[in-house]
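Below: the structure, in structure tokens.
Here the structure is a predicted model, which means the values were calculated and not measured.
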Amino acid sequence: MAPPCSPRRPISAPCFLICFLLGFVAGLFFFAHRHLHLDHQLPLPSAPEAVTDPDPSRDPHPLPPPPPKPLQPKLLLVVTPTRARPLQAYYLRRLAHTLRLAPSPLLWLVVEDGAATSETAALLRGCGVMYRHLSSPAPEPPQEPRRRRQDLPVDSRLRRRNAALDHIEHHRLHGIVYFADETSVYSLDLFHHLRQIRSFGTWPVAMLAPGKSKMILAGPVCNGSRVVGWHTAEKSRRLRRFHVDMSGFAFSSTMLWDTKKRAHQAWNYIRLLDTVKQGFQVTTFIEQLVEDETHMEGIPAGCSKIMNFHLHMEDRDLLYPKGWQITENLDVVIPLNQEGSTRL
């Protein structure tokens, strides 16, 4: 017979409390572990893929694009015919001072009658203007009788201007061609407005009347930039097509070799003609470049400003020893008469 079981000892309160807390913590540990490590089960974002440059030589950090370059101003091609005479140095220096103040780029084409002289070359080297010294050899005398004496200087000036046009066309000098005589007076505003010409531009010129007692206007009458009429006081106004002075117009040099930019009836060889009647050389030259006034630009707006003066100030009463031909020595000393020296 088995012995009887001993009676169970009662569980004390502290022991019961410890066991309860251990069970409670153990139960919470399961849920806490599940919630605390839930983020390990979520998919992590993938690292960004490296973009490979097909051109390894290209800079990965390129510089910003440079600012656009400003438009280069047009080149001014100023053509000046000259010849040996007592006041040549004075006229060339005066024009050189004006051109030196004009905005660049500017190329001064100085064309001498006959061979280029060393005196003119020395003057141009010290003028401070970019220049080209050209020569216009005199043609062989024709077999026909000689022309009148007053016609020879006109033909000589045309030949020198044509020599400059030959140089411009041969070297393809792109710019605005302007015939600036050395005896005229020019405003700096003129050279600023010349660069605004797209194809052919014209403006009024103040001219000294033959009697040298008043000034007359020759050139366009404009409505804005559109030519609507002409200033003229000549008797031949009904015969001339365009009433423009030689120093009252300018044109793009590309018109000399590009037939698409000039009048359709123009010749392939655009030059000043010495075969036409005196006084009509300018209008016949312009007729080769433009067809009518619709192809012209009046400058400035309204043609309301006189920007150059055409003066006839050449002294024709200077006396020289018989047989003396002025071919050199630009700086000529003109002696004063006895009365004039006494007054001084």
Side-chain angles (χ1 to χ4, degrees), residues 79 81 147-148 150-162 164-165 176-181 183-186 190 193-194 197 199-252 255-256 261-267 269-300 302-312 314:
V79 177
R147 298 180 180 179
R148 292 181 301 172
Q150 60 268 23
D151 293 341
L152 292 177
V154 176
D155 298 338
S156 177
R157 290 197 298 267
L158 296 180
R159 187 180 67 250
R160 281 171 273 165
R161 294 187 183 102
N162 286 334
L165 296 179
I176 302 298
V177 181
Y178 177 54
F179 296 115
D181 290 337
T183 58
S184 299
V185 180
Y186 306 93
L190 172 63
H193 288 291
L194 287 179
I197 297 175
S199 180
F200 184 95
T202 181
W203 57 92
V205 178
M207 303 176 59
L208 190 64
K212 298 184 179 180
S213 60
K214 62 179 181 179
M215 299 294 294
I216 58 176
L217 283 180
V221 178
C222 303
N223 182 8
S225 62
R226 185 168 58 92
V227 178
V228 296
W230 300 98
H231 293 286
T232 182
E234 301 177 359
K235 297 180 181 179
S236 59
R237 59 182 179 274
R238 296 183 179 179
L239 301 177
R240 296 177 58 183
R241 178 64 182 86
F242 303 112
H243 303 272
V244 185
D245 184 71
M246 181 64 73
S247 60
F249 71 95
F251 61 96
S252 176
M255 301 177 72
L256 295 174
K261 296 184 178 181
R262 60 189 186 216
H264 65 274
Q265 72 271 21
W267 304 335
Y269 187 72
I270 295 182
R271 295 296 181 270
L272 291 159
L273 305 177
D274 59 354
T275 56
V276 299
K277 186 179 179 180
Q278 184 177 351
F280 289 80
Q281 291 89 353
V282 178
T283 183
T284 54
F285 178 76
I286 296 177
E287 289 173 8
Q288 301 175 57
L289 297 173
V290 297
E291 185 176 359
D292 52 29
E293 285 81 358
T294 60
H295 297 86
M296 296 182 176
E297 308 169 44
I299 60 171
C303 299
S304 57
K305 184 183 295 186
I306 303 300
M307 298 182 292
N308 64 304
F309 298 84
H310 189 182
L311 307 178
H312 305 278
E314 191 71 22

Next item on the list: Return the minimal non-hydrogen interatomic distance between Leu158 and Leu273, and the atom names on each side.
Entry: CD1-O, 3.6 Å
Notebook entry, point to check: Looking at side-chain heavy atoms only, is the closest gap between Arg161 and Leu165 below 4.5 Å?
Noted result: no
Next item on the list: Carefully, step by step, assess Met296 and Ile286 under the rule side chain to side chain contact (heavy atoms under 4.5 Å, CB included).
Entry: CA-CA 10 Å; Met296 296 182 176; Ile286 296 177; 3.8 Å; yes
Item checked: Distance (rounded to the nearest 0.5 Å) between Cys303 SG and Arg226 CZ -> 11.5 Å
Note to self: If I compare all heavy atoms of Ala180 with all of Pro81, which pair ends up nearest, and what's the gap?
What the structure shows: O-CD, 4.4 Å
Margin query: Can you tell me how the ring of Phe249 sits relative to the ring of Phe179, calling it parallel under 30°, perpendicular over 60° and tilted otherwise?
Written below: perpendicular
Check: Between Phe200 and Phe242, does the ring centroid distance fall short of 6.0 Å?
Finding: no
Notebook entry, point to check: CZ of Arg157 to CG of Leu272: how many Å apart, nearest 0.5 Å?
Noted result: 11.0 Å
Next item on the list: Would you indicate whether the side-chain heavy atoms of Trp230 and Arg240 approach each other to under 4.5 Å?
Entry: no
Next item on the list: Could you tell me whether the side chain of Phe251 reaches within less than 4.5 Å of the side chain of Leu256, counting heavy atoms only?
Entry: yes
Checklist line | Atom pair CG (Leu289) and CE (Met255), whose distance is rounded to the nearest 0.5 Å | finding: 4.5 Å
Checklist line | Met207 side, atom CE; Asp245 side, atom CG - distance, nearest 0.5 Å | finding: 4.5 Å
Notebook entry, point to check: Quick one: CD on Gln288 to OG1 on Thr284, what's the gap to the nearest 0.5 Å?
Noted result: 6.5 Å
Check: When rounded to the nearest 0.5 angstrom, what is the spacing between CZ in Arg271 and CZ in Phe285?
Finding: 8.0 Å
Notebook entry, point to check: Does the side chain of Val205 reach to within under 4.5 Å of the side chain of Met246, using non-hydrogen atoms?
Noted result: no
Margin query: Testing the 3.5 Å rule here: is there a donor-acceptor pair between the side chains of Thr183 and Asp181?
Written below: no
Checklist line | Aromatic contact, Tyr186 with Trp203 (centres under 6.0 Å) | finding: no
